[in-house]
Amino acid sequence: MFQPTPRDIKLLPDGIHITWTDGHQSYHEHRALRYQCGCAQCVNEMTGKRMISLTDVARDVEALDYTTVGRYALQFLWSDFHTTGIYPYTTLRMLCQCDLCRKARAPVGPSGAA
Ligand SMILES: [Zn+2]
Ligand SMILES: [Zn+2]
């Protein structure tokens, strides 16, 4: 199975920009991605329930640095010093906030034509 991997990762003031080996350009808001952290402090491992709410995440949180984990994930150093979260590439693609992915994900309803 083809799994895209990041070719270029930029931590910019407006968000995290990832260019993938398949050419897709992802965008993630810092705070949104921090909120999606999947570590044991943020998500209950037994129930899969998220233990934090968006209001628990500092408004101005941002990724200061990142490191790659094996060949499958990224780990970010957040400005609130939360570093335990690992973001598998598949998750990052799933959470991509670029226009293309937003549109693909948007529910198509009767009034959904934009
Ligand atoms: Zn976490
Ligand atoms: Zn995208």
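All values reported here derive from a predicted model rather than from experimental measurement. Counting begins at 1 with the first residue of the sequence. Remember, it's 1-based here, ligands and their atoms both numbered in the order they're listed. Atoms considered below: every heavy atom in the structure, side chains included; atoms not considered: hydrogens, waters and symmetry mates.
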| What pairs meet the salt bridge (charged side-chain N to carboxylate O under 4.0 Å, His left out) rule with one or both residues in residues 49-64, with sequence neighbours excluded? |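 For residues 49-64, and leaving out neighbouring residues, there are no salt bridge (charged side-chain N to carboxylate O under 4.0 Å, His left out) pairs at all.
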| query | Leaving waters out, which protein N, O or S atoms fall under 2.8 Å from the Zn ion (ligand 1)? | reply |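 Protein N, O or S atoms closer than 2.8 Å to the Zn ion (ligand 1): Cys37 SG, Cys39 SG, Cys42 SG, His82 NE2.
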| field | Parallel, tilted or perpendicular: ring planes of Trp78 versus Tyr87, cut at 30 and 60 degrees | value |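 Rings of Trp78 and Tyr87: perpendicular, over 60°.
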| task | Please lay out, stage by stage, how Ile16 and Tyr66 fare under the test side-chain contact (heavy atoms from CB on, under 4.5 Å). | result | CA-CA 10 Å; Ile16 298 150; Tyr66 68 90; over 6 Å; no
| request: Flag the pair Pro4 / His24 as yes when at least one side-chain heavy-atom distance between them is below 4.5 Å, and no otherwise. | output: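 Pro4 does not reach His24 side chain to side chain.
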| Check: Cys42 and His82 side chains under 4.5 Å, non-hydrogen atoms |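 They are in side-chain contact.
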| message | Taking side chain to side chain contact (heavy atoms under 4.5 Å, CB included) as the definition, give me every residue that meets it alongside Tyr72, ordered by chain and number, with sequence neighbours left out. | response |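 Partners of Tyr72 under the side chain to side chain contact (heavy atoms under 4.5 Å, CB included) test: Val69, Ile86, Pro88.
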| Backbone N/O of Asp14 and side chain of Tyr27: donor-acceptor pair under 3.5 Å |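 Yes: the side chain of Tyr27 pairs with the backbone of Asp14.
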| message | Quick one, His28 with Leu92, criterion side-chain contact (heavy atoms from CB on, under 4.5 Å). Give me CA distance, side-chain angles, the key distance, then yes/no. | response | CA-CA 9 Å; His28 299 277; Leu92 286 167; 4.1 Å; yes
| message | Tell me how many protein N, O or S atoms are within a distance shorter than 2.8 Å of the Zn ion (ligand 2). | response |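 Those protein atoms number 4 in total.
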| Minimum-distance pair of heavy atoms, taken over all atoms of Arg105 and Cys96 |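 Nearest pair, atom of Arg105 first, then Cys96: NH2-O, 2.7 Å.
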